[in-house]
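These notes are about the structure you will find just below.
The figures that follow rest on heavy atoms only: side chains count, while hydrogens, waters and symmetry mates do not. Note on naming: letters A, B, ... go to the chains in the order of the sequence lines (proteins, then strands), and numbering restarts at 1 for each one.
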Amino acid sequence: MTLAARPIEARPLMRRLAIAWEPYLYSAPTVILIVTVMLVPLVVGISYAFRDIQLLNPFSGGYVGLAHFRELWQDQAFFEALRNTVWWTGASVALQFFFGLILALLLNVPFAGRGLVQALVFLPWAVPSFLAGLNWAWLFNPVVGPLPHWLFALGILSSPENILSDPNLAMWGPIAANVWWGIPFFAITMLAAMQAIPADLYEAAAIDGAGPLQRFGSITLPFLAPTIAITVLLRTVWIANFADLIVVMTGGGPADRTQILASYIFTQAFKRLDFGYASAVSLVLLVLLLIYSLLIVALRQTVLNRS
Amino acid sequence: MASIDIAGITKNFGNIEVLHGIDLDIEDGEFIVLVGPSGCGKSTLLRMIAGLEEVSSGDITIAGRRVNDLAPRDRDIAMVFQSYALYPHMNVAGNMSYSLRLRRTAKDRIAQAVSGAAGKLGLEPLLDRRPKALSGGQRQRVAMGRAIVRQPKAFLFDEPLSNLDARLREQMRAEIKRLHAELGATSIYVTHDQIEAMTLADRIVAMQGGVVQQVGTPLDLYDRPANLFVAGFIGSPGMNFLPGRYDAAPGPAVILADGARIALPLDPGLAPGAEVTLGIRPEHVALGESGGMEAGVDLIEPTGLGIILHLSLQGVGLKAFTADRGVLNSGPSIRVSLPSAHLHLFDSAGNRVALR
Ligand SMILES: Nc1ncnc2c1ncn2[C@@H]1O[C@H](COP(=O)(O)OP(=O)(O)OP(=O)(O)O)[C@@H](O)[C@H]1O
Ligand SMILES: [Mg+2]
């Protein structure tokens with residue numbers, strides 16, 4: 001009792017400092033690690049956007065302010081790539097989601113050998129993206145691949161030619177490869193969410209008079225909505241940045257018709273070696289994706305709050 | 001409103017048969033309670049009537065129409081689940097009106113039906129809430145409300161009160177009884193609770209191992225159990241069973257293992273020497289009377305309503321129930337007798353032998 005009554009001011013200064021700093025000292029290693037690994041490269045990368053950095057020019061490196069962004073505003077190729085990015089991302093995500101959802105619905109019905117099929121469905125996901133790109137490029141090549149001949153036989157193509165070299169159709173090549181590659185992601189996440197829905201809700205709805213479509217609409221969809229929002233967000237951001245398939249299959253051609261921002265950045269940085277300009281384009285892409293993400297997160301929040 | 005006929009129903013899961021030929025005729029407006037130990041197939045039978053499980057063989061007829069191959073929604077029945085199965089993203093009104101909305105009922109009719117059901121169940125202040133903002137008892141009411149809004153031909157209940165605490169269960173039990181009196185709809189109700197079964201049922205169906213053991217009014221099953229299973233299952237504390245042999249002379253009696261002779265009220269027509277089981281309910285065991293037999297007192301359990309005594313009668317356990325608190329002061333032993341008017345007799349196969 002007598003010991004406990006010692007006033008705080010009586011403690012030595014060092015000890016008081018130690019107590020005040022204690023939480024920060026504990027968290028310091030993690031914070032330092034995160035800052036060096038995540039923030040430093042980001043800041044350095046962003047700083048490039050305002051500097052003239054060309055790898056082959058020893059006199060470059062100076063601060064140029066907003067010059068890159070003024071140049072970008074005049075750059076037809078940039079806007080073409082932006083349009084292509086929207087088209088590539090939108091079509092890929094929409095088709096991946098659509099087919100993934102259907103696949104998940106099919107896999108959610110019990111049948112013999114379901115476990116094996118579920119495992120097989122996951123396979124495309126395990127194929128390296130460059131390999132997938134090469135494969136699809138060959139499939140679309142009329143000399144070695146069957147697809148042009150099948151499409152011709154179905155009357156979709158007027159002659160069995162390589163759609164990758166047709167400026168009007170070339171984008172469908174990487175999109176097809178991307179859809180094939182990305183369906184498992186949606187199928188597996190949707191399936192996991194579906195399996196968490198209590199079965200007796202479906203039974204109650206069946207007794208209440210709901211048919212299969214009405215049960216899907218009034219039970220499955222509301223339960224999946226939060227998962228759909230978050231997976232679509234993740235995939236959109238990811239696919240908008242995903243240049244592997246395009247670089248491998250078309251290299252952005254023909255006539256830049258498949259050039260998306262990510263592959264444009266790649267071209268600027270590693271073919272023209274203009275790191276400054278590439279960073280400026282990256283920064284624009286980053287800001288656009290941030291805005292998109294905030295919109296989706298806000299949307300998801302309102303949906304969650306309603307339920 | 002409808003009668004329900006169940007004829008020779010069997011159910012197989014894979015190659016395991018869990019229901020072995022159930023026959024049951026349920027009259028229009030009747031309240032039937034299914035009881036039986038866990039795993040005996042009560043839920044399975046109920047789900048087959050609802051159309052949630054396929055019928056392996058036999059026929060189910062609702063209101064004269066064979067429904068074996070009808071989808072649940074075409075059977076015009078309502079079911080209350082143990083888990084309530086409320087739609088979490090719809091509010092109370094939405095949950096109750098879902099079936100009517102699916103049937104494209106006019107808006108004013110829906111509003112009328114929902115407010116009618118909400119009134120009966122005291123749900124009016126909760127209509128805008130979502131299920132997760134309700135207590136267990138309120139959810140239970142919403143599940144009931146969802147069943148009654150569309151006035152189905154029959155109600156099916158699968159242990160609807162088992163997630164509630166004892167007090168609330170008592171209250172809802174009375175409410176269900178009142179609702180049934182008011183709506184008069186045919187109901188089939190599965191429960192583990194003795195009191196629910198006894199108080200709610202017009203007739204009780206006692207099941208074991210996928211076979212119906214006895215169908216009858218609650219007092220039928222209580223007073224004249226058809227076999228050892230029903231005798232032991234209905235009633236709490238359960239009936240006492242004393243193994244023995246039948247003896248015809250000088251008068252009809254059962255000789256217990258220790259040689260004690262218990263007289264029977266009439267001649268049951270058994271062969272002398274036949275193995276039998278004598279049954280007597282704890283509340284019928286007479287205590288402290290002169291004469292009778294000496295029994296050791298092992299344990300005394302006061303319940304407030306009365307006292308349960310665990311006795312041992314020459315090594316055989318015997319439970320007695322009495323409202324007389326005097327027994328609390330009884331010594332290590334007490335005199336018991338088994339009045340012949342309250343005896344039950346079962347033959348070696350476990351079936352009832354009539355004594356009255
Ligand atoms: N889908 C199923 N597949 C295989 N066996 C099942 C299935 N559903 C139930 N069974 C079996 O059928 C039997 C009857 O089950 P049921 O659920 O009808 O029992 P219950 O009488 O309702 O039991 P409880 O009182 O515990 O709810 C049990 O042995 C159970 O294991
Ligand atoms: Mg059950």
Side-chain angles (χ1 to χ4, degrees), chain A residues 97 101 104-105 108-116 189-233 296-307, chain B residues 14 43 46-53 67 70-91 94-105 128-133 139 142-150 152-160:
Chain A
F97 169 72
L101 182 62
L105 287 169
N108 201 27
V109 182
F111 59 87
R114 179 162 72 153
L116 186 70
T189 47
M190 294 294 139
L191 185 62
M194 277 177 203
Q195 287 176 342
I197 305 176
D200 54 8
L201 286 183
Y202 289 105
E203 295 179 343
I207 290 176
D208 269 347
L213 272 183
Q214 288 156 329
R215 281 184 295 227
F216 177 76
S218 54
I219 296 174
T220 312
L221 267 191
F223 265 92
L224 290 188
T227 313
I228 292 176
I230 209 76
T231 47
V232 165
L233 165 71
I296 294 277
V297 169
L299 186 76
R300 180 169 186 268
Q301 215 53 44
T302 43
V303 169
L304 281 183
N305 285 345
R306 263 201 303 127
S307 59
Chain B
S43 298
L46 202 68
R47 290 166 57 81
M48 285 162 85
I49 298 170
L52 298 173
E53 298 279 0
V67 298
L70 284 188
R73 60 170 163 169
D74 299 322
R75 299 188 181 198
D76 197 14
I77 39 97
M79 182 154 169
V80 178
F81 292 78
Q82 180 176 1
S83 61
Y84 313 142
L86 300 178
Y87 311 121
H89 45 273
M90 298 181 198
N91 61 18
N95 265 282
M96 298 212 297
S97 63
Y98 184 58
S99 60
L100 298 176
R101 284 183 282 141
L102 287 172
R103 285 173 171 73
R104 305 196 183 289
T105 312
D128 292 330
R129 297 244 198 115
R130 298 214 175 220
K132 76 173 176 201
R139 281 179 211 182
V142 177
M144 300 273 300
R146 188 170 65 178
I148 65 175
V149 276
R150 67 188 154 93
K153 287 203 186 102
F155 291 112
L156 308 177
F157 302 85
D158 195 351
E159 305 189 34

Heavy-atom proximity to chain B below 4.5 Å, by part of A/Ala205: both

Stepwise side chain to side chain donor-acceptor pair (under 3.5 Å) test for A/Asp208 and B/Tyr87: CA-CA 11 Å; A/Asp208 269 347; B/Tyr87 311 121; 2.8 Å; yes

Any B/Pro131 side-chain heavy atom under 4.5 Å of B/Val142 side chain: no

Part of B/Phe81 within contact of chain A (heavy atom distance under 4.5 Å): side chain

Partner chain A: residue of B/Ala143, B/Ala85, B/Ala147 with the largest heavy-atom pair count (under 4.5 Å): B/Ala85

Among A/Ala199, A/Pro222, A/Ala206, A/Gly209, residue most engaged with chain B (heavy-atom pairs, under 4.5 Å): A/Gly209

Toward chain B, the part of A/Tyr202 with a non-hydrogen atom under 4.5 Å: neither

Under 4.5 Å from any heavy atom of chain A - which part of B/Leu156: neither

Min side-chain heavy-atom separation B/Leu86-B/Arg146 under 4.5 Å: yes

From CA spacing to verdict: side chain to side chain contact (heavy atoms under 4.5 Å, CB included), B/Phe157, B/Leu46: CA-CA 8 Å; B/Phe157 302 85; B/Leu46 202 68; 5.7 Å; no

Under 4.5 Å from a heavy atom of chain A, the part of B/Leu52 involved: side chain

Heavy-atom side-chain proximity of B/Thr105 to B/Ser97 below 4.5 angstrom: no

Chain A contact via B/Arg150 - side chain, backbone, both or neither, heavy atoms under 4.5 Å: side chain

Chi angles and distances behind the side chain to side chain contact (heavy atoms under 4.5 Å, CB included) call for A/Leu101, A/Leu224: CA-CA 10 Å; A/Leu101 182 62; A/Leu224 290 188; 3.9 Å; yes

